[in-house]
Amino acid sequence: MRGEVCIGSASVLSLISLVLLIFMHVGQINTSTVPRGISMVNVNTSGYGTGLAAALGDPISGLYTDNASAPLQAMQGVRELYKFGLYSYCGYVNGSGICSNTSAATRWEPFNVITSDMLSNYSGFTTALITQGTFIDSNYLGDFTRGAYYLIIIGSVCTAMALLTGLLKHTVLFFLSTVFAVLGSLTLLIGATIWTVMIKKSESINDFIVGPSASPVPLGITVETGNAIFLLWAAWACLLVSILPYMIRAIARLAGFATGFLTLAAGVGALQKVSRQGRYLYTEDGNRFFIKGVAYQEQGTVVADPNSPFSEPSTFIDPLADSAACSRDLPFLQQLGVNAVRIYSVDSTLNHDDCMSALSQAGIYTIIDLALPVNGSIDRNAPKWTTNLLDQYIKTIDAFKKYDNVLAYNVGNEVVNDTEHTGTAAFIKAAARDTKAYLQSISSSALVGYAAIDGNDNWVVPLANYLACDPSSGGSGSAAIDIFGLNNYEYCGEGSPTAYNGKNGDFAGFPLPAYFSEFGCVRIQPRLWTDVPIIFSQPMSDIWSGAVAFSYFPAQADDGQFGMVTIDGSTVTTSDDFDRLKAQYTNVTFPTVPSKSDAGSTAFPECPAQNSTFLASTTLPPTPNEAACNCLESIVSCQFTPKTSDPSKIVGSLLDTGCSLLGQNGGNCDDLSADGAAGKYGRVAFCDPETQLSFVMSEYYELTNRAATSCDFSGNATVNKNAPSSVSGANAAASSCLSNPSATFTPSAPSGDSNGSSGSSGNGSGNSGNGSGSGSGGNNGAASLLGGSQSALVGLGVAFVLSVLGSALTLA
């Protein structure tokens with residue numbers, strides 16, 4: 001059974017059960033519409049006057065009250081009808097009534113209730129008249145129905161917990177949802193059975209006969225099962241049926257988890273770490289490793305870019321957070337014979353345990369891009385390396401560091417796409433430097449990579465060499481990437497091995513592992529994939545370490561339509577494109593040369609010189625310093641306080657406005673500037689855009705002698721009452737916060753991150769590396785159970801239950 005079908009059907013049944021129980025609980029708590037119509041049991045006494053008169057042989061007067069609002073149990077007269085609920089009971093006269101005080105675990109004692117409404121003489125007659133039967137045994141009925149109440153309460157809570165835990169996509173929680181459903185079904189069954197038996201036993205009063213033997217008449221008190229009992233039984237049935245899909249899903253997940261655990265414990269089939277030795281990749285057993293992969297990410301909303309053959313994404317779908325989709329696709333990834341998938345964007349706040357575990361057990365590594373669409377990546381048109389980007393990268397690493405199948409993290413994809421933007425490479429290299437330092441600090445063995453667009457050789461080759469070089473000329477490699485990816489689409493149709501001659505020559509002496517991070521030309525159809533055996537054999541295998549076919553999912557680009565499968569819900573339909581790649585990948589045998597001992601060590605070259613086609617400076621941006629930026633934000637005199645819930649929509653225009661105003665008043669925004677070609681970076685350039693805007697606003701506010709109107713910016717700025725009182729004091733405080741704006745250091749987890757709390761702060765002068773790297777992340781495949789998003793879901797679930805209950809109580 002499909003995972004989403006199990007989840008959906010079980011959740012729907014649990015929800016129905018919970019709603020039925022809520023309505024059962026509200027019965028007879030007051031006389032408004034809904035409660036008045038729901039009761040556990042009804043006792044009709046409208047005929048008791050006739051029966052009592054026949055038994056006494058005298059007319060009856062004053063037995064009943066005609067005042068519907070007369071207090072109960074105060075000898076004010078019997079009501080014609082009594083309806084009993086779990087928390088109180090109500091007495092009715094001609095359709096109108098009054099209810100007793102509401103309390104939990106109300107005992108059902110109908111005889112005591114009725115006789116306490118009678119005048120003392122009639123209660124005495126009734127006690128003398130009815131001397132046997134369950135109906136008059138108040139202790140018996142009260143004790144059992146009170147116990148049944150607690151069982152029903154437990155069952156109701158278990159039903160709610162089964163629903164909530166069933167909605168959370170965690171292996172252990174699916175098991176818990178099954179446990180809650182079983183426990184709830186059991187307690188509801190016992191509670192419903194007790195109530196049903198008590199009612200049936202009390203119905204013996206219905207057959208009670210009084211009066212002369214010659215003309216006997218019914219006693220006139222009748223007990224009837226209330227509709228709440230039927231709601232209770234229906235709720236139990238729904239919850240009972242829900243156990244099956246819950247159990248199927250839970251068993252499936254636990255089986256997968258147990259298999260993975262036992263596999264890891266036994267050391268059989270566990271993924272080996274992949275390390276870099278010289279310019280090649282090797283597994284722990286010393287064998288040469290090649291990336292035989294496929295791009296695995298559904299295309300989000302795209303925006304056309306005239307400078308790129310692929311449209312730029314503006315949204316994304318995290319493929320590793322959808323366990324049902326992973327289960328659906330994994331058999332087809334295995335059919336392709338891939339050992340790696342490339343993921344372009346992930347959401348670090350989501351849970352990825354199921355997908356990563358399934359891929360690991362299938363022997364599939366992941367190559368994860370750290371950038372996100374729009375504001376979550378280095379902008380080639382206005383490049384910066386800032387605290388918000390570094391924090392985003394670190395949060396993603398922290399979300400995936402526990403998995404054993406992270407081969408590499410890419411710090412960028414096609415950021416540089418022409419000569420004009422080659423200065424951006426300085427920011428990419430800074431991102432690689434800080435990402436690499438953080439990975440080393442947490443003892444992660446994942447590689448740091450970059451995926452380049454295949455442009456003109458006069459800048460693509462220098463870009464690759466620049467990202468692999470050591471700016472310090474000390475050979476440490478601390479600012480070098482570990483693996484270089486090239487998105488290459490040169491080979492089309494039938495093709496020829498000569499199609500790759502140019503690139504083979506360009507990268508013949510490249511010092512690091514390199515691979516095709518995308519390949520599979522669509523300009524000529526059909527795609528035959530006949531370049532696969534060329535890539536994975538000599539001479540190309542001496543230069544390249546594999547390739548990633550683009551793309552498993554459909555993807556539209558200017559060159560044409562990519563994609564190997566079509567998805568319709570849970571159904572995957574493969575194409576001829578898929579079958580041809582499968583045939584080629586299946587026949588691949590990885591070359592074994594050179595051996596690890598012959599691969600040599602990595603020699604990080606000197607960086608390429610700047611020229612007219614390659615502009616990047618070897619002076620890199622500093623490590624973004626979150627502590628310095630937080631310090632600055634706290635002391636600036638005019639702070640950015642946006643009126644909108646999405647500040648990113650107005651930061652850019654307000655920065656333009658602020659810098660223009662500064663220029664008109666003799667100031668400038670040089671402190672915000674970042675120039676990768678000149679190697680010059682303003683002292684606030686590494687701060688996030690909002691902190692930069694607060695700084696600009698304050699600069700303008702100070703230049704205008706703190707005029708009140710200068711700290712407004714259309715209502716998006718506020719004077720900071722905690723700022724230094726003088727201009728000189730403000731400048732001194734800012735200088736103190738930014739005392740070392742060029743520092744490089746090992747970053748740490750951002751403030752408030754569950755994996756760390758100190759933020760990206762420090763004042764060191766850099767990190768040294770050992771010139772080697774390794775992939776496949778950590779070796780811990782354990783799964784976390786709950787994250788922040790799940791807590792929010794629990795809160796929403798509780799709110800839903802309370803809202804349904806509130807609605808039921810207020811209906812009238």
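The model shown is predicted, which means the values in this text are computed figures rather than measured ones. Along the sequence shown, residues carry numbers from 1.
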Review point. According to the salt bridge (charged side-chain N to carboxylate O under 4.0 Å, His left out) rule, which pairs have a member within residues 201-228, sequence neighbours left out?
Key: Lys200-Glu203
Point to revise | Ala128: partners by side-chain contact (heavy atoms from CB on, under 4.5 Å), with sequence neighbours left out | key: none
Review point. Nearest heavy-atom pair of Ala55 and Leu129: which atoms, and what distance?
Key: CB-CD1, 3.8 Å
**Study point:** Taking every non-hydrogen atom, the tightest pair across Ser14 and Thr159
**Key:** O-CG2, 3.7 Å
Practice item. Using the side-chain hydrogen bond (donor to acceptor under 3.5 Å, both in side chains) rule, take Asp347 and Thr349 through it: C-alpha gap first, then chi angles, then the decisive distance, then the call. Key: CA-CA 5 Å; Asp347 186 342; Thr349 67; 2.7 Å; yes
Exercise for review: For Pro216, enumerate each residue passing the side-chain contact (heavy atoms from CB on, under 4.5 Å) test, keeping only those at least two apart in sequence or located in another chain.
Suggested key: Ile209
Check your understanding: Less than 4.0 Å between a side-chain N and a carboxylate O, is that true for Asp398 and Lys395?
Key -> no
**Study point:** Listed partners of Phe180 passing ring pair (Phe, Tyr, Trp, His ring centres under 6.0 Å), at least two apart
**Key:** none
Point to revise | Within residues 119-146 or reaching into it, pairs that qualify as salt bridge (charged side-chain N to carboxylate O under 4.0 Å, His left out) - sequence neighbours excluded | key: Arg107-Asp143
Point to revise | Distance-minimising heavy-atom pair for Ser327 and Pro331 | key: O-CD, 3.3 Å
Exercise for review: Output all residues satisfying ring pair (Phe, Tyr, Trp, His ring centres under 6.0 Å) with Tyr87, sequence neighbours left out; order by chain, then residue number.
Suggested key: His25, Tyr149
Review point. Which heavy atom of Ser88 sits nearest a heavy atom of Thr106, and at what distance?
Key: N-OG1, 3.8 Å
Review point. Does the side chain of Ser11 reach to within under 4.5 Å of the side chain of Leu163, using non-hydrogen atoms?
Key: yes
Exercise for review: Please report the shortest heavy-atom distance between Ile343 and Pro319, naming the atom on each side.
Suggested key: CG2-CG, 3.7 Å
Show the atom names and distances, to 0.1 Å, of all donor-acceptor pairs under 3.5 Å that link a side chain in residues 640-647 to residues at least two apart or in another chain.
from	atom 1	to	atom 2	distance (Å)
Thr641	OG1	Thr718	OG1	2.7
Lys643	NZ	Ser714	O	3.1
Thr644	OG1	Asp646	N	3.2
Asp646	OD1	Ser648	N	3.4
Asp646	OD1	Ser648	OG	2.6

Study note, to complete from the structure: Contacts of Ile98 meeting side-chain contact (heavy atoms from CB on, under 4.5 Å) (sequence neighbours excluded), chain-then-number -> Leu72, Arg79
Show every donor-acceptor pair shorter than 3.5 Å between a side-chain atom in residues 183-194 and any protein atom, with sequence neighbours excluded, or say none if there are none.
from	atom 1	to	atom 2	distance (Å)
Ser185	OG	Ala181	O	2.8
Thr187	OG1	Gly155	N	3.3
Thr187	OG1	Leu183	O	3.0
Thr187	OG1	Gly184	O	3.1
Thr193	OG1	Leu189	O	2.6

Review point. Do the rings of Phe111 and Phe135 sit parallel, tilted or perpendicular, given the 30° and 60° boundaries?
Key: perpendicular
Practice item. Could you pull out all residues at least two apart from Tyr140 that satisfy ring pair (Phe, Tyr, Trp, His ring centres under 6.0 Å)? Key: Phe144
Point to revise | Pi-cation contact, Tyr89 with Lys83 (under 6.0 Å, within 45°) | key: no
Practice item. List for me each residue that meets side chain to side chain donor-acceptor pair (under 3.5 Å) alongside Thr126, sequence neighbours excluded, and say none if there are none. Key: Tyr48
**Study point:** For Leu56, all residues meeting side-chain contact (heavy atoms from CB on, under 4.5 Å), sequence neighbours excluded
**Key:** Leu52, Ile60, Phe125
